[in-house]
Amino acid sequence: MPERLLFLTGSTDRFILTDRPATTLTDRYRPLPDGMTLHHATVVRAHQVRTGDVVVAFFTDGPGTRHAEHMEEAFTANPRPFGTCPAQCEECEDIHTHGATADRYLCLDGSDDREDCVIVYRNTPVAIVPATVAASLPPLDSTPLLPDLFALDDDGEHGPYEALPVPRAFGPWDVISVTRTTAEQIAADLATSHTGRHLTCQWLHDALLISSDPRLRTDPGRPGRLIQPDADGRYRIGGLWAWQEWTPPSCPDCSTVTEPIDVEKEKVWRCTAHDCTRRTYGTGDPDDDDALPPYTETDEDGATIVYRGTGEIDIEATAELAAQDGPDEDGQDAE
């Protein structure tokens with residue numbers, strides 16, 4: 001990955017700035033506008049950030065070599081004193097609870113209907129594209145927002161479903177806006193989910209009819225909810241169950257976040273910790289993982305290691321395979 005070495009006046013630390021990570025299901029990084037690269041960036045203290053600067057990353061703790069910690073979304077700075085949040089967002093309330101004061105903290109950007117305030121120590125090193133440079137580049141909002149991800153159930157087994165970004169005050173019973181393809185997937189998954197056990201779905205040309213069990217209806221004369229596409233061809237679905245925010249399952253062994261991989265045309269989740277080989281279906285039931293298919297890998301010495309589906313080394317199978325690949329005893333005796 002390309003990187004750039006930066007230095008900060010008055011500091012002996014080395015700051016390594018890398019390109020933003022690619023966006024995946026587990027890494028939700030909104031790209032920078034076309035033409036804005038790490039070569040436009042510099043590093044300053046947080047209290048030196050000015051209105052209009054584009055904040056692209058913070059850095060790991062020092063001293064020494066400090067690496068970029070990218071945010072999910074870069075933002076245009078609008079600095080102001082800490083403690084002046086008009087919305088009393090969760091970030092401000094949490095930091096206030098711990099006794100933060102304006103002489104140690106500042107707000108780099110105020111809360112809006114999507115995001116909380118960005119509160120940092122005043123001396124925090126920040127990677128920015130200066131406002132004078134950013135003014136000659138495409139604006140941040142020229143790249144589309146990443147979709148929000150939702151699921152039907154707590155375990156996330158049915159999902160994720162991509163929807164237009166929702167406001168910070170979104171509630172689980174509110175509507176989400178999805179494409180026709182996603183609406184079709186939701187309708188199909190309801191039939192096999194716990195959430196949809198009392199619901200049925202039917203397509204009536206372009207409209208989706210979601211009906212409840214007649215015995216459970218509070219309004220017997222109402223057959224169900226008819227969801228028609230809006231002017232953009234999207235379907236606004238909500239109020240029928242509590243949407244769950246979709247997140248990748250955690251590793252059952254070390255609780256580290258997992259990443260998806262395809263195994264024999266199945267979606268399996270693999271632990272991202274460098275010292276953990278655990279795999280899981282992510283259902284929350286460890287017994288389900290016993291059905292994961294086994295696999296093999298070759299180590300740095302060229303030896304083949306056999307793993308059980310969960311990522312545990314199958315010692316017996318590995319030893320048996322090694323014996324099969326060993327020298328030919330009959331040939332040795334003949335010599």
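Scored by the ring-ring contact (aromatic ring centres under 6.0 Å, His included) test, Tyr161 finds no partners at all (sequence neighbours excluded). Taking Ala303 as the reference, Asp299 meet the side chain to side chain contact (heavy atoms under 4.5 Å, CB included) condition, with sequence neighbours excluded. Partners of Thr181 by side-chain hydrogen bond (donor to acceptor under 3.5 Å, both in side chains), not counting sequence neighbours: none found. The side chain to side chain contact (heavy atoms under 4.5 Å, CB included) search around Glu184 returns Arg180, Trp203, not counting sequence neighbours. By the side chain to side chain contact (heavy atoms under 4.5 Å, CB included) test, Thr256 is found to be paired with Cys254, Cys271, Thr272, Ala273, residues two or more places apart in sequence or in another chain being considered. For Pro294, the side chain to side chain contact (heavy atoms under 4.5 Å, CB included) criterion is met by no residue, not counting sequence neighbours.
Cluster annotation: Ile176 is connected to Ile210 through the hydrophobic network of ILVMFWY side chains, with a link wherever side-chain heavy atoms come within less than 4.5 Å. By the rule that hydrophobic residues join a cluster once side-chain heavy atoms approach within less than 4.5 Å of another member, Leu149 and Leu164 end up as members of separate clusters. Leu199 and Ile186 end up in the same hydrophobic cluster when Ile, Leu, Val, Met, Phe, Trp and Tyr side chains are linked at under 4.5 Å. Under the 4.5 Å side-chain heavy-atom criterion for grouping Ile, Leu, Val, Met, Phe, Trp and Tyr, Val129 is not connected to Leu8 through any hydrophobic cluster.
Arg197 places a side-chain N or O within 3.5 Å of a backbone atom of His194 that can act as its donor or acceptor partner. The main-chain N or O of Glu91 is never found under 3.5 Å from a side-chain atom of Asp94 such that the two would form a donor-acceptor pair. Distance alone, capped at 3.5 Å, places no donor-acceptor pair between the Asp314 side chain and the Val306 backbone. With hydrogens and angles disregarded, a donor-acceptor distance shorter than 3.5 Å links the side chain of Arg4 to the backbone of Leu38. Of the possible polar contacts, none joining the Thr124 side chain to the Ala46 backbone as a donor-acceptor pair under 3.5 Å is found.
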Counting only pairs under 3.5 Å, give me each side-chain donor-acceptor contact of residues 227-243, with atom names and distances, residues two or more places apart or in other chains.
unit_1: Asp230; atom_1: OD1; unit_2: Asp232; atom_2: N; d: 2.9
unit_1: Asp230; atom_1: OD1; unit_2: Gly233; atom_2: N; d: 3.1
unit_1: Asp230; atom_1: OD1; unit_2: Arg234; atom_2: N; d: 2.9
unit_1: Arg234; atom_1: NE; unit_2: Ser177; atom_2: OG; d: 2.8
unit_1: Arg234; atom_1: NH2; unit_2: Ser177; atom_2: O; d: 2.9
unit_1: Tyr235; atom_1: OH; unit_2: Asp206; atom_2: O; d: 2.5
unit_1: Trp243; atom_1: NE1; unit_2: Ile237; atom_2: O; d: 3.2

Scan the side chains in residues 134-148 for donor-acceptor partners under 3.5 Å anywhere in the protein, sequence neighbours excluded, and list what turns up.
unit_1: Ser136; atom_1: OG; unit_2: Val133; atom_2: O; d: 2.7
unit_1: Ser142; atom_1: OG; unit_2: Pro139; atom_2: O; d: 2.6
unit_1: Thr143; atom_1: OG1; unit_2: Arg30; atom_2: NE; d: 3.3
unit_1: Thr143; atom_1: OG1; unit_2: Pro31; atom_2: O; d: 3.3
unit_1: Thr143; atom_1: OG1; unit_2: Leu140; atom_2: O; d: 3.1
unit_1: Asp148; atom_1: OD2; unit_2: Val166; atom_2: N; d: 2.7

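The local environment of CD in Glu266 is crowded, with over 12 non-hydrogen atoms from other residues, nucleotides or ligands closer than 6.0 Å. A 6.0 Å sphere centred on CG of Asp275 holds more than 12 heavy atoms belonging to other residues, nucleotides or ligands. Surrounding CG of Leu204 are more than 12 heavy atoms belonging to other residues, nucleotides or ligands, all under 6.0 Å away. No more than 12 heavy atoms of other residues, nucleotides or ligands sit less than 6.0 Å from atom CZ of Arg104. For Glu259, the CD atom is densely surrounded, since the number of other residues' heavy atoms within 6.0 Å is greater than 12.
Residues Arg45 and Ser11 meet the side-chain proximity criterion, which asks for heavy atoms closer than 4.5 Å. The shortest distance between side-chain heavy atoms of Thr310 and Arg278 falls below 4.5 Å. Leu25 places none of its side-chain heavy atoms less than 4.5 Å from the side chain of Pro248. At a threshold of 4.5 Å between non-hydrogen side-chain atoms, the residues Arg50 and Pro79 do not count as touching. Between Thr60 and His67, the closest side-chain pair of non-hydrogen atoms falls below 4.5 Å. Taking 4.5 Å as the limit, some side-chain heavy atom of Met36 sits within range of a side-chain heavy atom of Val54. Side chains of Pro130 and Thr42 form a contact here, defined as non-hydrogen atoms less than 4.5 Å apart. Side-chain contact check for Leu32 versus Arg20: some heavy-atom pair is nearer than 4.5 Å.
Residue Arg80 comes nearest to Ser111 through the heavy atom pair NH2-N, 4.2 Å, listed as atom of the first residue, atom of the second, then distance. Closest non-hydrogen pair, Ala57 versus His70, comes out as CB-ND1, 3.9 Å. When every heavy atom of Val43 is checked against every heavy atom of Pro125, the shortest pair comes out as CG2-CB, 4.1 Å. The nearest pair of heavy atoms linking Leu17 to Ala127 is CD1-CB, 4.1 Å. The two residues Asp103 and Arg122 have their closest heavy-atom pair at O-CD, 3.2 Å. Closest approach of Asp13 to Gly62, counting heavy atoms only: OD2-CA, 4.4 Å.
Judged as a ring-ring contact (aromatic ring centres under 6.0 Å, His included), the pairs with a partner in residues 9-53 (not counting sequence neighbours) are, in order, Phe15-Phe59. Residue pairs meeting the ring-ring contact (aromatic ring centres under 6.0 Å, His included) criterion with at least one partner in residues 288-315, sequence neighbours excluded, are Tyr295-Tyr307.
Chaining together hydrophobic side chains whose heavy atoms lie under 4.5 Å apart places Val126 alongside Val44, Val49, Val55, Phe58, Met71, Phe75, Leu106, Leu108, Val118, Val120, Ile128. Phe7 shares a hydrophobic cluster with Leu5, Ile16; the chain of contacts runs through ILVMFWY side chains whose heavy atoms sit under 4.5 Å apart.
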- Give the intermediate values and the outcome of side-chain contact (heavy atoms from CB on, under 4.5 Å) for residues Asp290 and Asp288. CA-CA 5 Å; Asp290 292 337; Asp288 292 344; over 6 Å; no
- Item | Asp113/Arg168 under salt bridge (Lys or Arg N to Asp or Glu O under 4.0 Å): CA gap, chis, key distance, verdict | CA-CA 5 Å; Asp113 64 347; Arg168 182 161 51 91; over 6 Å; no
- Message: Run Phe82 and Ile95 through side-chain contact (heavy atoms from CB on, under 4.5 Å) and show every step you take.
- Response: CA-CA 10 Å; Phe82 171 64; Ile95 296 180; 3.7 Å; yes
- Task: Could you check Thr280 against Asp289 for side chain to side chain donor-acceptor pair (under 3.5 Å), going step by step and ending with a plain yes or no?
- Result: CA-CA 6 Å; Thr280 178; Asp289 292 342; 2.9 Å; yes
- Message: The test is side-chain contact (heavy atoms from CB on, under 4.5 Å); show your working for Ile305 and Ile313 and say whether it passes.
- Response: CA-CA 7 Å; Ile305 310 297; Ile313 295 179; 4.0 Å; yes
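Taking a cutoff of 4.0 Å between a charged side-chain nitrogen and a carboxylate oxygen, Glu312 and Arg279 do not qualify as a salt bridge.
In this structure, SG on Cys276 lies 11.5 Å from CZ on Arg270, to the nearest 0.5 angstrom.
Separation of the Phe170 and Phe150 ring centroids falls under the 6.0 Å cut-off.
Using a 3.5 Å distance cut-off with no hydrogens or angles, the side chains of Asp153 and Thr195 do pair a donor with an acceptor.
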